[in-house]
Amino acid sequence: MLLLEKSLYMFIILSSVCFFNNNCAASVTELSFNAKHEAANGGTEANSLLKWKASLDNHSQSVLSSWVGSKPCNWVGITCDNSGSITSLSLANLGLRGTLDSFNFSSFANLLRLQLSNNSLHGSLPSHVCNLSKIRSLDLSNNYLTGNIPPEIGFLTNLNSLSLSHNLFNGHIPSAFGMLRSLSELYLCENNLSSSIPTSVTNLGNLSTLCLRGNKLSGSLPSEIGLLISLNYLDLSSNSLTGRIPTSIGNLSKLSYLDFSKNQLSGPIPGEVSQMRKLSTLWLFYNQLSGPIPSVLGNMTMLADLALYGNNLSGRVPPELGQLKSLQVLNLFFNQLNGSLPPEINNLTHLMSLRLSGNQFTGPLPDNVCLGGLLKNFTAAKNYFSGSIPKTLRNCTSLYRIRLEENQLTGNVSEDFGIYPHLYYMDLSNNRLLGELSWKLGKWTNITCLKLSNNYISGSIPFELGNATLLSVIDLSWNHLQGKIPNELGKLKLLLSLRLNNNKLFGAVPSDVKLLFNLNELNLAANNLSGSIPQLSELSSLMILNLSRNEFTGSIPFEIGNLHFLQVLDLSHNLLIQQIPLQLGHLRTLEVLNLSHNMLSGSIPGNFDDLLSLTAVDISYNELEGPLPDVKTFIESSFDAYRNNKGLCSNAIVTASGLKPCKFIKSSKTTQTKRNQVVILILLPLLATLSLVFIWIGCFLILHRTRTRKAQPIEQNCEKIMVIPDHDMEIQYENIIRATEDFNSKYFIGAGGYGVVYKAVMPSGRVFAVKKLHPLQDSSNLKAFEREIEVLTEIRHRNIVKLYGFCSCSKHAFLVYELVERGSLRMILSMEEEAVELDWMKRLNIVKGVANALSYMHHNCPFPIIHRDISSNNVLLDSEYEARLSDFGTARLLMPHPSNWTSFAGTFGYIAPELAYTMEVNEKCDVYSFGVVTLEIIMGKHPGNLLSSLWASPVYQQILLKDLVDPRLPYLGNQVAEVVNSTPC
C-alpha cells in the first residue's frame, strides 16, 4: 500500500511538471509520431547536430570535422539503426567546449545512448532532455554543468543508467527520480547537491549502483533504504548526513560495497550490518559513531576491507574478528578502543593493512601479524603497547609502511628488523628500543622517511645509509649515537630534513653536507661536533639551521646570509668569535635568531633593521656593544635576551630590555683635548671664510629650489595608490595596516622568494592573505611585483588565486589575495594525517584543477601566460581541497615576439631539463612541471630519482603504477584499485 501511494504521488508530480512545461512532449504517442516523421524527412537529426556543432568553440568544431553533409551515420561518434536513425551518440573525452542550450533533444526520439562525459560542457542541463523518450544510458559526467537537475528526467522511464557525476549541479535531488523504475545505475557523486535524500529514491527496486558521494547532502538516512534490495554498490560518503544508521540496512543482502564515511553519523554500529553476508568493503570512517565494535561482524566472512577509524568507538576489539579469514584491511585507528588485542587477530593471515594508531591499547602487539607474508601497512602508533617488536616482522619483506611511534616498545633495532625492499616509511620514535643501527638500512632502497628518535639506540651511523638514495627525512635525534657523521650522507640528494640532534656525535661536519641541495632542515644541536661551521651557501632551500650546543670555533660564515629562505638560525652555545657578519641582515624571512653563549664581539650590523620577520631573538652572553637594531622584536625582548654583553644600548624611547640609552662617548684624555683646541684655533678663521662662500651658494640654491619646486611631482600617499580592481571598499590601505598591526610578526603565515605573507582579518570577518614584498629598491623585486600584478589582474579562474588589490608605494608594497585555508600541497603531503585525508578522488581533483588553471593561462587569456614555477609549493588547497595555483612572481606574458628568451627561474626538481641550457620559455616548461607535480601527487613525495631514471633509460617505463602509489592511503579492494594496480607507468 505504501509503495502504491508513493507511485501515485510521483505520478501527480510528473503530470504537473509535464502540463506546465512546453519543452516536454505531451505524450509517448506524440513522441513516437515525431520519431517516424523525422525519420521520413531524413535530415532533421543531421541539421540538429550541425546547429549544435556551430554553437561550440573552434577547437570542438575541428574535433567534429567529419560532421558535414546530411548523412550523420558516417560521422564520428554516431551509430544508427537499419532505418538510418541515430541510436547512439558517443563523444566522450574529446575536449568539447560549449553548452547544451542548442542541442535539440526532441530531434532524437530513437536515441538509446548519449555519452558526453569528460568534456568541458558548461551551463545548465535543459529540461527538454525529457524528449529522449527511448534513452537507456545518459552519461554527462565530468563536465562543468551547473544549476538544478531538471525533474523532467523522471519522464525517461526507459533509463537504465544515469550519470551526472563530477559536475557543478546544485539544489536538491529531484523526487521525480523515484519514477525511474528501470534504473539500475545512478551516479550523482561529486556535485554540490544539498538537502536530504528523497525517500522516493527507495522506490527504485532495480537499482544496483547508487553513488551520491561528495555532495552537501544533510539530514538522516531514509529508514526505507532497506527497500533497495537489488543494491550491490552504495556510496554516500563525504556529505553531511546525521543521525543513526537505520537497522533496515541489513536487508541489503546483495550489497558488496558500502561507504558511509566522512559524514556526521552517530550512535552505535547496528548489529544488522552483519546480515549483509556478501559485503566485501565496509567503510564507516570519520563519523561520530560510538559504542563497541559489534562482535557479529565476525559473521561477515567475505569482508576484505573494514575501515572504522576516526570515530568514538570504545571497548575491546572483539575476538570474533579473527573469523574474517578474507580480511585484507583492518583500520581501527583514531578511536577510544582499549585493552589488549585478542590473540585471534593472528588468524588474519591475508592482512595487507593493519592500522591501530591513536587508541588506548595495552599489552603486546600481535605475535604473528605477518604470518601470511602479505602485510604492507602496519601502524599502531600513539598507544600503550609494551613488550618487544614481533619477531615475525623481521621476515615481512612485503612491508611498505611501519608506524609504531609513541608506545612503550622494547627490542633491538639491529636484530628485530630485516631487509625491506619495498619499505617507504618507518617511524619508531618515542619508544625504548636498544641496539645499534644496522648496515641493512642501506638495502632499504625505497625508504623515504626514517624516524627513530627518542630511543636508546647506540653505536655509529652506518655509512651504508647513504645508499638509501630516496630518503627525504632522517630523524635519529635524542639517542646515544657516537662517532662521526658519515660523508656518504652527501649522496642523499632528495633529503629534506636531517635531524641528528641530542646525541654524542663528534668531529667535524662532513663537507659533503653542502651537496644536499634540497635540504629544508639541518639540526645537529647538542652533540660534540667541532671545527668551523661548514660551507652551506649552496643549500638554497634551507629553512631551519640549528648547530647549537656544540664546540664549533671560528667566525660565523658570511655565506649564511645567502640562505634567503632561512626562518630559524640557532648557533648558540658554541665557541664562535669575531663580529656578526653583515650578510646576516639579508635574511629577510628569519623568524628566530639565537647567537647566545658565544664570544662574538663588535656591534650588531646596522642592516639588521631590515629583519622585520623576527619573532624571537637571543644574543646574550657575548661581547657585543653598540645600539640594538630598530626592530620591534629587538626592542620588545626582555633583558635575558641581551644580558652579559660588553656594552649594548638602545635608541628606542621605551624598551622591555631595560638597556641604557645610547649616547656619544667623550674622550677623557687631556692631551687629546689640547690637541683639539689647537686644531680649532687654526681652522676657525678658515671656516669663517668658507662660511661666507657657503652662505652665498646656499642663498642661490634656495632661490633655485623655490622656483623649481612647483614643477616637481609630490609623492602620493599610500592611501591614494592602493588599487582595488573590483572596487571592494573594505580592502583599503588603512584597513590592511590595521588588520595586520602594521605587519606584525604575529600575523605571519608564510614566506616566499619575494616576500612575507600575513593573515588579515577584517572587521566583517572576511580573511585575506597579504603578501608584503621585501623592499622594492632592488630592481628584481620591483620587477617581480609589477609582473605579478600584470598577470593576476588579467586572470579570473576558480583554480587560480584571486587578487583583490595591491599597493606599491615606497613605504609598503603588498598584494591582497584570497586566503587559501589548507596551505600548500607540499606541506599537506609531508604531514602524515593530512596526507591520509587526501584520498584518491581529492588527488584526482587537484590534478584536474591545476590542469584547468594551466589550460586557461595558456589558451584562454588575452595573451598566453607562462607561470615558470609550477611546483607543489605553489599549489594551494582550500577547505574543500580545491586546487589554487599561486605565486606568479616568475611568470611572464608570452607576447607574440620572435624570441622568448629569459633569465633562469623556477624550483629545482620541477624545471624542464632543456630550459637549463636553452633558456627558451614556452608552454612546455609549465607542462613538464605539471607532470612532476602529478607524479608527486600520485607518489605522495617528489619523484626525484625516478625522473632521472626515466631520462636515462626508457625501459624503466615498464614499472607498475602499484609500485609508485602513495602507500599511506588505505588499500582499495574494489575494481578501481585493480585497474590502478595493473596500469603500467
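One-based numbering along the sequence shown. Basis for what follows: all heavy atoms, side chains included, without hydrogens, waters or symmetry-related copies.
How far NZ of Lys325 is from CG of Leu348: 8.5 Å, rounded to the nearest 0.5 Å. Distance check, rounded to the nearest 0.5 Å: CE of Met352 to CG of Asn377 gives 10.0 Å. Expressed to the nearest 0.5 Å, how far CD1 of Ile474 lies from CG of Leu441 amounts to 9.0 Å. Atom-to-atom distance recorded for Asn527:CG and Asn503:CG is 5.5 Å, nearest 0.5 angstrom. With rounding to the nearest 0.5 angstrom, the OG atom of Ser238 is 4.5 Å from the NZ atom of Lys262. Residue Ile937 holds its CD1 atom at 7.5 Å from CZ of Phe930, rounded to the nearest 0.5 Å.
A donor atom on one side chain and an acceptor atom on the other are not found under 3.5 Å apart for Arg499 and Asn523. Under the 3.5 Å distance criterion, with hydrogens and angles disregarded, no donor-acceptor pair is assigned to the side chains of Ser314 and Gln336. Defined by atom type and a distance below 3.5 Å, a donor-acceptor pair is missing between the side-chain atoms of Asn873 and Ser871. A side-chain donor-acceptor contact under 3.5 Å links Tyr881 and Arg822. Between the side chains of Glu521 and Ser497, at least one donor-acceptor pair of N or O atoms lies under 3.5 Å. A donor and an acceptor atom, one from each side chain of Asn407 and Asn431, are nowhere located under 3.5 Å apart.
Looking at heavy atoms from C-beta onward, Tyr384 lies in side-chain contact with Gln408 at the 4.5 angstrom threshold. At a threshold of 4.5 Å between non-hydrogen side-chain atoms, the residues Leu471 and Leu494 do not count as touching. Annotation: side chain of Leu519 is in contact with side chain of Leu498 (closest heavy-atom distance under 4.5 Å). With contacts defined as side-chain heavy-atom distances shorter than 4.5 Å, the pair Leu522/Asn546 does not qualify. For the pair Leu545 and Leu566, the minimum side-chain heavy-atom distance is below 4.5 Å. Residues Phe333 and Leu356 are not in side-chain contact: their nearest non-hydrogen atoms beyond the backbone lie 4.5 Å or more apart.
For the pairing with Ser458, the side chain to side chain contact (heavy atoms under 4.5 Å, CB included) check across Lys504, Gln482, Glu436 returns one residue only, Glu436. Tested against Leu332, the residues Leu341, Leu354, Ile293, Leu313 include a single side chain to side chain contact (heavy atoms under 4.5 Å, CB included) partner, Ile293. Looking at Ser541, Ser472, Ser830 one by one, the single match for side chain to side chain contact (heavy atoms under 4.5 Å, CB included) with Asn520 turns out to be Ser541.
With respect to the salt-bridge test (charged N to carboxylate O, under 4.0 angstrom), the residues Arg213 and Asp259 do not qualify. A salt bridge is absent between Lys491 and Asp512; no separation between the charged side-chain nitrogens and carboxylate oxygens falls under 4.0 Å.
Ring to ring, Tyr424 and Tyr400 are not that close: their centroids are 6.0 angstrom or more apart. Between Phe285 and Tyr309, the distance separating the two ring centers is shorter than 6.0 angstrom.
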Exercise. Test Asn359 against Asn383 for side chain to side chain donor-acceptor pair (under 3.5 Å), laying out the working first.
Key: CA-CA 6 Å; Asn359 283 284; Asn383 280 287; 4.8 Å; no
Practice problem: Could you give me the CA-CA distance, side-chain angles and deciding distance for Asn430 and Asn455, then say whether side-chain contact (heavy atoms from CB on, under 4.5 Å) is met? | Solution: CA-CA 6 Å; Asn430 293 282; Asn455 281 287; over 6 Å; no
Quiz prompt | Worked verdict on Leu470 versus Ile447 for side-chain contact (heavy atoms from CB on, under 4.5 Å) | solution = CA-CA 6 Å; Leu470 295 182; Ile447 190 75; over 6 Å; no
Quiz item: Between Asp570 and Leu547, does a side-chain contact (heavy atoms from CB on, under 4.5 Å) hold up when you go through it step by step?
Solution: CA-CA 6 Å; Asp570 191 346; Leu547 304 178; over 6 Å; no
Quiz item: Should Leu409 and Leu404 be marked as a side-chain contact (heavy atoms from CB on, under 4.5 Å) after you check the CA-CA gap, both sets of side-chain angles, and the distance that decides it?
Solution: CA-CA 8 Å; Leu409 298 171; Leu404 304 176; 3.9 Å; yes
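Few gaps surround CE on Met841; more than 12 heavy atoms of other groups in view lie less than 6.0 Å from it. Within a 6.0 Å radius of NZ in Lys484, other residues, nucleotides and ligands contribute 12 heavy atoms or fewer. Heavy-atom neighbours of Lys440 NZ from other residues, nucleotides or ligands within 6.0 Å: above the threshold of 12. Counted within 6.0 Å of NZ on Lys842, heavy atoms from surrounding residues, nucleotides or ligands total more than 12; the atom is thus considered enclosed.
Here the shortest heavy-atom pairing between Trp444 and Ile419 reads NE1-CA, 3.7 Å. Shortest non-hydrogen contact noted between Leu524 and Asn550 is O-ND2, 3.0 Å. The two residues Asn335 and Asn312 make their nearest non-hydrogen contact at OD1-N, 3.4 Å. Nearest approach of Pro366 to Pro390, heavy atoms of both residues: O-CG, 3.4 Å. When all heavy atoms of Leu539 and Leu563 are compared, the pair lying nearest together is O-CD2, 3.3 Å. In this structure, Leu935 and Pro943 approach most closely via the heavy-atom pair CB-CG, 4.0 Å.
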